[in-house]
Amino acid sequence: MKYYSTNGQAPIADLEKAVVKGLAEDRGLYMPEEIYKLPQAFFDDIQNMKFQDIAYNVASNFFGDDVDGDALQDLVYDTLSFDCPVVKVTDQIYALELFHGPTLAFKDVGARFMARLLRYFTSLSGSTSNLINVLVATSGDTGSAVANGFLGVEGIHVYVLYPKGKVSPIQECQFTTLGKNITAIEVDGVFDDCQALVKSAFMDQELNEHMKLTSANSINVARFLPQAFYYFNAYARMKALGLADQLVMCVPSGNFGNICSALFGHQMGLPIKRFIAANNANDIFYKYLQTGKYEPRASVQTLANAMDVGAPSNFARILNLYSENGQLTPEATHHRITNLISGATYKDEQIRKTMQQCYEETGYVLDPHGACGYQALKDGLKPGEIGVFCETAHPAKFKEKVDDILGTDIEIPARLKAFMEGQKQSVEMSKEFADFKAYLMKQ
Ligand SMILES: *Cc1c(COP(=O)(O)O)cnc(C)c1O
């Protein structure tokens, strides 16, 4: 499979290049040249297949040309060492729980898959001196998913840059206590300073000659595409219940990587009737659906902070997909998109109310992100439809907020506790690039 850039000015890349580079030379996002339909026989039998086998079929469709079959199967099985169950919340609404991985948030699957795919490519090249260094800036959740996804993966070292004192203790311990091939760098600054350091590092020629650098950003094809596995599995489980005929899939969205993978699944033939993108107060996509105009702006802080995005990076992919790489007019593209996807947007006050109501009426504990998805289904489902929303994070990741809103004392899962008991290790760093560069040059 070859990958082109949404900006159309960069050379076509193979999978390895698309994964190692992340972003194309023209700052566009990589798109696969073909999205093959899966055969009808696969969908006929899908309810009898287990998650890993469903995922292997989906992965083969994208990566089968580039990764040897047995290796790809190992890679998928190893990535999916935990389940993503569908749980009934009401008669019409089901939660797709994507939080049973190592860091209790859905980004685990993409991060684990990407780490193993990079490892596969470096092992092919056979060179031991070819250590890949992943730089990632985080305001909390991405750092933990990437660090844990890459933990112990040979040939790769990860540097997580985070703003000192600005991530929650629960988040911090998930990437500062790991050791091994993970180095946490505590930057005396804010998130934007961390991101600026990473960007400067990628542009510094001397540094790039000294060491092989790559990013594990969520726009990476190896991080977003594997998320399609979730939606095929959810369909299979709902089909087994006899509830898959009019399925509406609702995805709480920030950078739109997760919903984008679901839309790729739909292009591969997954019979989802329609999609809902649930936003918090950052309603840029919602407004696009209403008006046809895409107007990014600065993000605002909300309770569902992993969705606080003012310029969703995967929007370009969605446009590219439904405009058939720019062949359709903006109006025709907008029409196609609104036929398949609707939107919803909720302010913090509504998120709180939704969490309380859902807990009172059903006993189900929503986290603030999942709450947007649940409410969007409550507001948007039509008679006869069944809705599945993604529960994107375990409520215990936001324990203080959740307990405060619900008056609960929710239990912290054992693996989260284990992080909290670990020893913090971090490298203190100023926000000056010269300091960061000097540090990396010594590695
Ligand atoms: C990253 C994240 C989201 C948003 O996902 P996108 O792919 O960026 O749209 C939603 N909820 C949680 C908990 C997340 O960590």
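One-based numbering, in listed order, for ligands and for the atoms of each.
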- Item | T103-N148 side chain donor-acceptor pair, cut-off 3.5 Å |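 On atom types as modelled, these side chains do not qualify, holding no pair under 3.5 Å.
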
- Query: Is any side-chain heavy atom of H369 less than 4.5 Å from a side-chain heavy atom of F99?
  - Reply: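 Not in contact.
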
Tabulating one pair per line, provide the atom names and distances (0.1 Å) for every N/O atom of ligand 1 that is less than 3.5 Å from a protein N/O atom.
residue: ligand 1; atom: 7 (O); partner: G257; partner atom: N; Å: 3.2
residue: ligand 1; atom: 7 (O); partner: N258; partner atom: N; Å: 2.9
residue: ligand 1; atom: 8 (O); partner: N255; partner atom: N; Å: 2.8
residue: ligand 1; atom: 9 (O); partner: G254; partner atom: N; Å: 2.8
residue: ligand 1; atom: 9 (O); partner: N255; partner atom: N; Å: 3.3
residue: ligand 1; atom: 9 (O); partner: F256; partner atom: N; Å: 2.8
residue: ligand 1; atom: 11 (N); partner: T392; partner atom: OG1; Å: 2.8
residue: ligand 1; atom: 15 (O); partner: K107; partner atom: NZ; Å: 2.5

- Query: Shortest non-hydrogen contact from D348 to L303?
  - Reply: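 Closest approach of D348 to L303: OD1-N, 2.9 Å.
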
- With a 4.0 Å cut-off, would you call R297 and D283 a salt bridge?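 A salt bridge is present here (some side-chain N lies under 4.0 Å from a carboxylate O).
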
- Query: Under 4.0 Å between a Lys/Arg side-chain N and an Asp/Glu carboxylate O for K287 and E295?
  - Reply: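 So K287 does not pair with E295 through a salt bridge.
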
- Sequence-distant partners of E391, side-chain hydrogen bond (donor to acceptor under 3.5 Å, both in side chains), two or more places apart: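 Partners of E391 by the side-chain hydrogen bond (donor to acceptor under 3.5 Å, both in side chains) criterion come out as none, since no residue qualifies.
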
